[in-house]
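Following: one structure in structure tokens, then a few remarks.
Below, all heavy atoms of this structure are taken into account, side chains as well, without hydrogens, waters or symmetry copies.
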Amino acid sequence: MSRLLHRDTVPPVPAAELTARSADGSRIHVELHGPEDAPAVVLAHGWTCNTRFWDAQIRDLAADHRVIAYDQRGHGLTPEPGPGGYSTDALADDLEAVLAATLAPGRRAVLAGHSMGGMTVMAAAARPGLREHAAAVLLCSTGSTRLAAEARVLPLRAGALRTRITTAVLGAKAPLGPVNPVSRKILKYATMGAGSAPDRVDACARIVHACPRRARVEWGQVLAELDLAAGVRELRVPTAVIAGTDDRLTPPVHARAIAAALPVGLGLTELAGMGHMTPVEAPEAVTAKIRELVTRYVATGAAAERKAATAEKEDVA
């Protein structure tokens, strides 16, 4: 038992790390896990998080997948950008840079994005890099527009007052302070289901509190004004959606709207009792959906490519 608990608290060790260069010159930290020639999965984390948010998925998938995880700009080991470096266009640039740096031309992967990571995918929906490399997409606990208006973190009636206060909270400059029982309780209320296990609440709290204040504030302001409805309509690859029924940050109304607007929608999975942090709260469900998408849209194609390459080598010989 002690070995299992130790394994679950130690971050997965990447097979390799690299730096991708975005369009504005920003350096993006990327981790590569698992066999290089295995079916590929790309993981994009959300606001105030980092690659550690995907530890459960990385541990499971890296045994038989090439798992590519990266820190969004200003998060984790990716430096904060210069002036003007916070925008949905920048998120799309960064994703294209990661795909170009980690996937050979024409190689396709399942892209999974949580919260702002899902918004990243929507922002990049019409980009050539995404259309070249995305075989399928999983959007977890995300929204495309009206985030401040629909958020239910504040116990107020929906309306202009709640929207204004939520907008102010998203861009609040006050430090989060240390992780302690009070901060864990606040984070659990705002982002997780009531039944979330204490160790998962603690893991999320430590990740969120590690986010630099400037990145949290700047991205919070971007999210408050977000409008990616057009990006949803441009996401022309098979796309599945997952949401927690008790998500206060991006309530299921967002997931339902996205699922209804997707050109190639694969349906919506609503996880009863889960909050906003679905990859941590319900890791088995999220990982299973990623595996399902890989099996359906990537693994068959990858096997065919390997078979063709082998046949070509034999012909040459």
Side-chain angles (χ1 to χ4, degrees), residues 1-13 31 33 43-62 67 69 71-72 75-77 112-118 138 140-142 151-155 166 169-170 172 174-213 215-216 219-220 242-252 255 269-290:
M1 179 65 72
S2 63
R3 285 197 298 271
L4 176 61
L5 291 175
H6 176 72
R7 178 180 180 273
D8 288 345
T9 55
V10 174
V13 178
E31 295 180 3
H33 299 262
L43 305 175
H45 68 73
W47 179 48
T48 73
C49 295
N50 56 54
T51 57
R52 297 285 64 77
F53 188 80
W54 296 107
D55 278 357
Q57 285 70 42
I58 292 171
R59 285 194 183 93
D60 187 296
L61 294 170
V67 182
D71 285 324
Q72 301 267 25
H75 296 75
L77 297 178
H114 170 259
S115 191
M116 193 174 80
L138 177 61
C140 299
S141 309
T142 192
R152 295 188 287 106
V153 174
L154 299 175
T166 301
V169 170
L170 287 172
L176 294 183
V179 175
N180 56 39
V182 173
S183 64
R184 280 192 289 266
K185 185 175 182 179
I186 292 171
L187 179 129
K188 180 180 179 180
Y189 168 80
T191 69
M192 304 181 79
S196 296
D199 60 329
R200 294 182 180 181
V201 174
D202 184 69
C204 284
R206 293 185 183 283
I207 289 170
V208 170
H209 280 244
C211 180
R213 188 193 316 186
R216 172 171 54 84
W219 283 121
I242 281 181
T245 60
D246 294 353
D247 187 342
R248 290 185 171 93
L249 276 180
T250 53
T269 301
E270 295 193 29
L271 302 175
M274 299 298 141
H276 184 67
M277 304 301 213
T278 46
V280 174
E281 294 179 77
E284 298 86 357
V286 171
T287 303
K289 182 59 69 172
I290 294 173

Inset, instruction - Calculate, to the nearest 0.5 Å, the distance between atoms CE and SG belonging to Met274 and Cys140 respectively. - result: 13.5 Å
Inset, instruction - Return yes if some donor-acceptor pair links the side-chain N/O of His45 with the main-chain N/O of Gly117 below 3.5 Å, else return no. - result: no
Inset, instruction - Report yes if some heavy atom in the side chain of Val153 is under 4.5 Å from a heavy atom in the side chain of Thr166; otherwise report no. - result: no
Inset, instruction - Looking only at non-hydrogen atoms, find the nearest pair between Ser196 and Gly193 and report the distance. - result: OG-O, 2.9 Å
Legend entry - Beyond-backbone contact of Gln72 with Trp219, side-chain heavy atoms, under 4.5 angstrom: no
Inset, instruction - Please name all residues satisfying salt bridge (charged side-chain N to carboxylate O under 4.0 Å, His left out) with Glu31, sequence neighbours left out, ordered by chain then number. - result: Arg52
Inset, instruction - Measure the spacing between OG of Ser115 and CG of Asp247 and express it to the nearest 0.5 Å. - result: 8.0 Å
Inset, instruction - Enter the distance from Phe53:CZ to Asp71:CG here, rounded to the nearest 0.5 Å. - result: 13.0 Å
Inset, instruction - Indicate the atoms forming the closest heavy-atom contact of Pro12 with Arg59, along with that distance. - result: CG-CG, 3.8 Å
Inset, instruction - List the steps, then state whether side-chain contact (heavy atoms from CB on, under 4.5 Å) holds for Ile58 with Leu43. - result: CA-CA 9 Å; Ile58 292 171; Leu43 305 175; 4.0 Å; yes
Inset, instruction - First locate atom SG of Cys211, then atom CZ of Arg216, and finally report the distance between them rounded to the nearest 0.5 Å. - result: 7.0 Å
Legend entry - side-chain hydrogen bond (donor to acceptor under 3.5 Å, both in side chains) involving Thr142 - partner list, sequence neighbours excluded: none
Inset, instruction - Find out whether Arg200 and Pro283 are in side-chain contact, i.e. whether some heavy atom of one side chain is under 4.5 Å from a heavy atom of the other. - result: yes
Inset, instruction - Look only at the side chain of Gln57 and the backbone of Val286, and say whether a donor-acceptor pair between them is shorter than 3.5 Å. - result: no
Inset, instruction - Compare all side-chain heavy atoms of Leu187 with those of Leu176 and state whether any distance is below 4.5 angstrom. - result: no
Inset, instruction - Please answer whether the main-chain N or O of Ala205 pairs with a side-chain N or O of Arg184 as donor and acceptor at a distance below 3.5 Å. - result: no
Inset, instruction - Grab the two heavy atoms, one from Trp54 and one from Ala44, that are nearest each other, plus how far apart they are. - result: CZ2-O, 3.3 Å
Legend entry - Pairwise distance CG(Leu249) to CH2(Trp47) - rounded to 0.5 angstrom: 7.0 Å
Legend entry - Ser183: partners by side-chain hydrogen bond (donor to acceptor under 3.5 Å, both in side chains), with sequence neighbours left out: Asn180
Legend entry - Nearest non-hydrogen partners of Thr48 and His75, listed with the distance: N-NE2, 3.0 Å
Legend entry - CE on Met277 to CE on Met192, rounded to 0.5 Å: 6.5 Å
Inset, instruction - Looking only at non-hydrogen atoms, find the nearest pair between Gly275 and Glu281 and report the distance. - result: N-OE1, 2.9 Å
Inset, instruction - Would you name the heavy atoms of Cys204 and Val280 that are closest together and state the gap between them? - result: SG-CG1, 3.7 Å
Legend entry - Heavy-atom check, side chain of Ile207 versus side chain of Asn50, under 4.5 Å: yes
Inset, instruction - Check whether the side chains of Thr278 and His114 place a donor and an acceptor atom closer than 3.5 Å, and report yes or no. - result: no
